[in-house]
Peer 1: 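Have a look at this one before I ask anything.
Side chains are part of it too, since the values below use all heavy atoms of this structure and drop only hydrogens, waters and symmetry mates. First the proteins, then the strands, lettered A, B, ... as listed; each starts at 1.
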Amino acid sequence: MPDGKTVRRRRAVLGGLVALSVALLTVFFGEAASGPLHGIQRGAQEVLAPIELGASRALKPVRDLVGWTGDTFRAKDENQRLRTELSRVRGELAHEQTERRDLRQLEGLARFSGDPAFPEGMRQLTARVIARSPQRWYSAVDIDKGTSDGVARDQPVITGDGLVGRVSSVTSGSARVTLITDSDSAVSAQVLPDGAKGVVKPRAGRFDDLLLDYIQDGDVREGATIVTSGSTHSKLESLFPRGIPIGRVRRADPAELEGYQQVHLQPFADLRRFDFVQVLSGAATSERAAVEEPGP
Amino acid sequence: MILSAGAIARVALLALLAAVLQVSGVGEIRVLGGNVDLVPLLVAGVALYAGSLPGAAAGFLVGLLLDLALGRILGASSLVLIAVGYGVGRFGELRDPAHGLIALPVGAAASAGYALGVAVVAYLLGVTPSPSFALVRELALSVVLNALLALPVFDLVRRVLGPALVTDPQRRARRRARREIARGTGPSGLRA
């Protein structure tokens, strides 16, 4: 146990040190930059500067080593953080692009529905593509609407750009659409403005090249528009109403036209890239009546 | 603890070393987000092995050197480090800790106390603190880092100061008796 004298001495020294610190602080804080304490500080800095410089140089390798280690850990963390951020931003970008693409397609569908060429009297049902045929030779897509939504077999299917196919099979909640590029497809068509008729048939494995075959009555020029003819011939009734755009004549070789009665056309609809379609139902009576062909 | 002239000289040397090292780049070393601060560790080491008054004196000296070297307000660091040195010294005098890992809690407490004291003095001098989670996290990491660093620093202080310290014979006897009681080899009446 310390005696009273020791305790008093300890308290006195402590009090003295604290008082000295407070005095230094007060005087330093209050004096001008040219004051004596500031002068002492400047002098001390001048004296200590070479020592600090030497120590700093001696410590540099240690600092660099620790800094390098820290930077490595930080870089790893940052790398991980940036990867996570990149993944999130990629997801957001993909989502936004998908939304924009969907919007563009839906706008196209809405525009087409309001077009004067759109078959009057037909109801349209918008559906989303949920699956695509993985094979190049059998072109079909599945859509998310079925009999419960009013979809029936053989109904025409369009996008905002033009005809894409017809419903070939249907369940209560989904339907399969056979595209006009499928090898089984054939669409009776008409060349505008000349009125020559033919049948649009696919070229196996080609999504961007169709044939207008069996051309009757007329000359066909490159750039001419091909639409569905909507034939209601009693023996060969077309499944498609009249006036739906199919494509544009891309190549009309006179020799081919003469020998085989066929020209090449490019479909308006991008048959490899579409996410929304409209299934048409009902009868376009006015148009059909207008082009009804006489019976045999 | 009785301080000899040699011990005083060694304390002064350690104080100078700590201040110079701290301003020469040790303070810039960042490990896992925390900053190394030798100053409170050295003051705490001196205080733990030499007592409260040498601790307070070492705190005053290191603080003064630090303020001189860094061009800060003279007396500000001294005031805080006197408190750190005196507090750790009194803890050592009252509890007489002999555990090998005592440096860890003492180093952590000294670092935390120093950081808090500096903040309080800065506030009193008109610096408005802007506390944030990042700042608190950095302080916590620095305290942990300094606690680990306290092991070698305290060992260094003990090695430098030990030979120059004249230990109170009564205290030395008390410590020996306590060790013997713990081992069961002390006087029969004092065996645990």
Peer 1: Only pairs of heavy atoms separated by less than 4.5 Å count here; which of Val20(B), Leu64(B), Leu65(B), Leu16(B) has the most with chain A?
Peer 2: Val20(B)
Peer 1: Hey, which of Arg42(A), His38(A), Arg9(A), Gln41(A) has the most heavy atom pairs under 4.5 Å with chain B?
Peer 2: Gln41(A)
Peer 1: Heavy-atom cut-off 4.5 Å, strictly under: side chain, backbone, both or neither for Ser52(B) against chain A?
Peer 2: side chain
Peer 1: Would a 4.5 Å heavy-atom cut-off, applied to side chains only, mark Lys145(A) and Val279(A) as touching?
Peer 2: no
Peer 1: Identify the residue among Leu41(B), Val39(B), Leu38(B) that makes a side chain to side chain contact (heavy atoms under 4.5 Å, CB included) with Asn146(B).
Peer 2: Leu41(B)
Peer 1: Could Glu92(A) and Arg88(A) be called an ion pair, given the rule that one side-chain N must be under 4.0 Å from one carboxylate O?
Peer 2: yes
Peer 1: Would you kindly say whether Asp142(A) and Ser174(A) are connected by a side-chain donor-acceptor distance under 3.5 Å?
Peer 2: no
